[in-house]
There are 2 protein chains.
Amino acid sequence: MNSISRLFQPASVAVIGASDDPGKLTSRPIAYLRKHGFEGRIYPVNPRYDTVAGLPCYADVASLPGVPDVAIVLVGANRVTDVVRQLAEAGTGAAIVLASGFGEAGEEGQRRQRELKDAAGPMRILGPNTIGLVNLTDGITLSASGALEMEGLRTGSIALVSQSGGILGSLLSRAAARGVGFSKLVATGNEADLDVSDIIDHLLDDDATSVVAVYLEGLRKPDRFREVAARAAGLGKPIVVFKVGRSESGARSAVSHTGALAGADAIYEALFKQVGIIRAETFAELLDIPVALSAKRVLKGRRVAVVTSTGGAGSLVADSCGMAGFDTPAPDESTAERLRALDLRDAALDRNPIDVTLAGLRPDLFRNIIKILFESPSFDAVIVIVGSSGVGQPDLVARPVLDSLSGSDKPLLVYVSPEAPGIVSHLNGQGVPTFTAPESCATALSAMHRAGSRMGAGDTAGPSSLTSGSGQQAGDLPSGPLNEIESKRLFAGFGIPVAHETAVSTPEEAQSAAQRMEGNIVLKVLSRDIAHKTEVGGVMVNIKPDDVADRCRAMDVTVKAATTANVEGFLVQEMVTGGVELILGFHRDPQLGPAILLGLGGITTELFKDTAIRLPPLGKRDAQAMIDEIKSSQLLKGFRGRPRGDLDALVSAILAFSDMIVVLGDRLVEAEINPLFVLPEGRGVCAADGLVVLS
Amino acid sequence: MNSISRLFQPASVAVIGASDDPGKLTSRPIAYLRKHGFEGRIYPVNPRYDTVAGLPCYADVASLPGVPDVAIVLVGANRVTDVVRQLAEAGTGAAIVLASGFGEAGEEGQRRQRELKDAAGPMRILGPNTIGLVNLTDGITLSASGALEMEGLRTGSIALVSQSGGILGSLLSRAAARGVGFSKLVATGNEADLDVSDIIDHLLDDDATSVVAVYLEGLRKPDRFREVAARAAGLGKPIVVFKVGRSESGARSAVSHTGALAGADAIYEALFKQVGIIRAETFAELLDIPVALSAKRVLKGRRVAVVTSTGGAGSLVADSCGMAGFDTPAPDESTAERLRALDLRDAALDRNPIDVTLAGLRPDLFRNIIKILFESPSFDAVIVIVGSSGVGQPDLVARPVLDSLSGSDKPLLVYVSPEAPGIVSHLNGQGVPTFTAPESCATALSAMHRAGSRMGAGDTAGPSSLTSGSGQQAGDLPSGPLNEIESKRLFAGFGIPVAHETAVSTPEEAQSAAQRMEGNIVLKVLSRDIAHKTEVGGVMVNIKPDDVADRCRAMDVTVKAATTANVEGFLVQEMVTGGVELILGFHRDPQLGPAILLGLGGITTELFKDTAIRLPPLGKRDAQAMIDEIKSSQLLKGFRGRPRGDLDALVSAILAFSDMIVVLGDRLVEAEINPLFVLPEGRGVCAADGLVVLS
């Protein structure tokens, strides 16, 4: 058993600072362990007691009669480090540190947290600043929190991991009211050692867990998260994440809460997409989606039968599903025929929602209706609506729904229209995803559909086209901004085609270089100090070769009037035409690290924010997904009779850009190709301008 | 008292088809009337009883001892019309018809519904197919529905109007569980006579109603709705609408782009924006927003203090607010100073969320904190977070919140983090908008902000620039598609500047027309049968005048090879350059009628759906709002150093287009200007192409 397994399934638990006074918080861990039936050994440690809760109490860690798998550390922040050191020396598997006053409490706290981590050595730490861990599968509560004391906590197959203890408690009480159960509950707190990724990684191997729900404030080790998410995708175990700190103001408060630094939300969004994470967009979805997925039914298509005894709610749910891209087709003729054979007076069977009117109160009939819809080739899922008639007689509706479950492996959801918490709780408790918001039904279906088709995410194991010797080594390059021709040489070294061009020093050289090219040319000022050449008059297009010297002289005057930047010379470049202009850029997020951005060049990107982001290293599928994600990629796919762009070459260029970022590592400060021309099919791509800044 | 007032506040109610058997549904209306304390006269009508519920029962309407203000008609669909005729003849104010089997039941039902309406004469009808009406303010229940039977229905200032009875019941039971009360509840059913607009119109004058919530399936009389919404805006009484049927695809029109861009829901969205309706985007918002607005507090800015004793939930709420465009700034120095003077140990007072930790459990301290935040110049609203510590001792949190209400007129919202329905219900019942979804807090603030700034919507009383004699009369024009020059003459007749152009019959005439113009020209095929000239090779741009005859002949060959459409001749047109290309189109929605669409011309509109829609007649403010709504209008506003476009001329053109639609009325089938060039400031706009189809 490794240390994390010992943490989740300890045979022995030491409680450091346990109290014998039932009024005190420090008495709770032992009370909870016993209440939920923990059968292992419990070692209270407290020099002030001989016994605690009727158990022999030990004066210190050194006096323990055995090595505990887990220690719950209840002492104050100033004493934690010593205790943890002793526990580690004794061979304890893991310590759960509840005290606050560490990473979230300024520089002094951060120093203390580093000392804590050092003191733990090979022992794992959950926390500090955590409310602990509950293994509901095995009935083991490792916590002092009142939030975990509640009665009626159900066992289920959803594991919940939260960086905030308060939110864990909130979700738990909400889930309990809805009849939703859990396998494991973990608050990771300040994550001095074990972080969300470590916990998720463990849960991926937990047979009792079918879906992992995560409340995330920020990732300290994005690479590790990515690795774990890829493993989850491979195993087909979905991870659902709600990320707080999406807005600037939220990010500020997340800092104050656990010391996490929230990054730009767009980068998180990119990461989640890339590694197959299902994102909860609202807080409620962090329960709704796991509830849907834990039913372990695969949604194979987008056609949904809505069966109702109350017309209004049926329309409402069907409309929400429609908004999310699901169809509610009328039953096919043979299905309608079978329904008609049930002889339902007043029922509307030839449409969808299928309004069964009063048959909704006859369990035998209702069971048959669900069976027929399950068996119909027209539908991939069934949603049953519970109306007000169900409130007084919940079993009339619940029983046929539950009876139907075994008859099909198609998803079955329930929407409860009136306030009826008893029905919601009863059905959820029996494994039927049951919702009270029409939008939740649509969200649930979408998540089920995604979970069914998300396998294969995570082909991002490493740089795709990187081979030894490809690419220029960073060591050759100067620090600071490169000029345009140096930048493009760097791109070209990684395999990105660049415009044919020549750097020159004088107008005369420019003209003779131009005359050696075909057709009119583009003339640019060459300077590593000018990032935006157009703004200082440093770009002229469509110049006749014979005019180049004159135009060069004019440009020199204009540029020098606009800026004091050092002018290194001129760039004479072929005119690239007939392509679609994209921008391919690099950004370093303070938390998540390097990111790659693709967008349409020119004003459209800025006006419509039509961009796609992914984190390097990219796989081919990532690059293709980026292209598909931007709406303007329609322009490359034969939109309105336009020629198709060379998408293969674009994919290669994106991968080469990713390779460059990996190879240059921390030396890369900025990099952008703008524009990157995507030429018609077979003609490749061409970087016409670009900049690079190195450290 | 008019008939609708008599319906809401009857002094006498006849119940047609009342039963004396308490087990029957038809016994309920009288039971409900009495249970809720109705003090007027009740007339049971049923030939089978002498007395009903201890009251004298009348054999028929003719036997009634007085004229009822309202009749509740419980008889079956086949008998309703006769009863209604008798009630109308007796001078009854209004009949509430519960039976189904009318407009919702095929052609036969629709015929029956027309007969019902005819039989009613001047008497008003609510329904048929309604569950009735409840006036909670005055304790009058006019319904047989079990959904309205519930205990604990609170009186409040929200009026709820629903086209679905089932949804009314659902909302009611949900509201009751949250402590939310109502003034009036109305299910309008099939709307044979009284529709949502009539009911809203009445509620605008109801002092007990401060906000009207509407569940809408579809508008039968959009003009009437618009009129009522304008009156609501004038009175400052907000209307909140949830519209179902959003996922239905709009009817596609044959030849113009406008139809494809204007989906059914987009037109509703346009209408709502235009008349100042606050739209509930989710079903839950149809309660959340009215709850927020019924507090009658004005949100004057976007700065929100979040005060919490549980860090995680504070971050979550602040983040949701941030996503909705609200700020959570740190307290200013003087506010922080006042908070520090309270001597809250461990509290984080220099940031926001303001984490008061355990002070959240000391009512005196907590009251002072809220008071200081209310008085702070840094904040426009305060959100109080209730954590798990509040569940056990609800009054510790609720009392200081309630005590604080009278001290300020700034909005105060509560977010309850754990499952705690008792606290939610208690606070809502006391008039403090209290929510359980973090997103609801943000939605509530947004709605309050909009309600405070929405006055002045509805300057759409009539055509703005329409004067007698302006515009060509439709009578002069042929039916069917106009050709390009006829279309533009029509536009020009309403004051929209069009490109300078000449229609010619032969290549030679084309050349001489071109030679009389300045510069190169645009050459087009002229044909009323060709909607998309480019696709058949019927447009050539930048042609030298001397080349025109040759190009004409070539075009003739190309076009005739591509289509068998009749070619009427050619159009020689000035080249318009230097402007931004827009599309200005007309679309007739089957439900809501004429709509005007504005978008950027070219591919951008189709790729990004960056369009704005409004319903004619437009006021100047509507036209300006359309321009502001499209993102691409940045291109007209000096984006990245571009010249500013002539926005005044664009507004005038939009208004002229609106006038044209009003004048042509039903004769207009399609109309589109594409492109409409917006030239730099002072140079106006120019319609370069367009099409019109008349009936």
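Here is the naming used below: chain letters follow the sequence lines, and residue numbers restart at 1 for every chain.
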Bottom line for A:T436: the part with an atom under 4.5 Å from chain B's heavy atoms is both
Chain A shares the most heavy-atom pairs under 4.5 Å, among B:V306, B:V416, B:L607, B:D610, with B:L607
Interatomic distance, CZ@A:F608 vs CD@B:Q634, rounded to 0.5 Å, equals 10.0 Å
Minimal heavy-atom distance between A:E439 and B:F283, with the atoms involved, is OE2-N, 2.8 Å
Minimal heavy-atom distance between A:S247 and B:A318, with the atoms involved, is OG-O, 4.1 Å
The interface call for A:S100 against chain B, heavy-atom contacts under 4.5 Å, is neither
Note: B:S164 and A:G312 closest approach over all heavy atoms is OG-CA, 3.5 Å
With chain B, the option among A:E535, A:K631, A:R178 that has the most non-hydrogen atom pairs under 4.5 Å is A:K631
Closest non-hydrogen atoms of A:E419 and B:S173, given as atom of the first, atom of the second and distance, are N-OG, 2.8 Å
Q) Do side-chain atoms of A:S417 reach the backbone of B:S170 as a donor and acceptor pair under 3.5 angstrom? A) no
Taking every heavy atom of A:L316 against every heavy atom of B:V244, the minimum-distance pair comes out as CA-CG2, 3.8 Å
- More than 12 non-hydrogen atoms from neighbouring residues, nucleotides or ligands closer than 6.0 Å to CZ on B:R303, yes or no? yes
Interface check, chain A: of B:G387, B:G245, B:A437, most non-hydrogen pairs under 4.5 Å belong to B:G245
Honestly, the part of A:L635 sitting under 4.5 Å from a heavy atom of chain B is side chain
Residues at least two apart in sequence or cross-chain that pass side chain to side chain contact (heavy atoms under 4.5 Å, CB included) with B:E281, listed by chain then number, are B:R279, B:E285
So, the part of A:T282 with a heavy atom under 4.5 Å from chain B: the answer is both
Smallest heavy-atom separation, A:K243 atom then B:D319 atom, equals O-OD2, 4.2 Å
With sequence neighbours left out, the residues meeting ring-ring contact (aromatic ring centres under 6.0 Å, His included) with B:Y415 are none
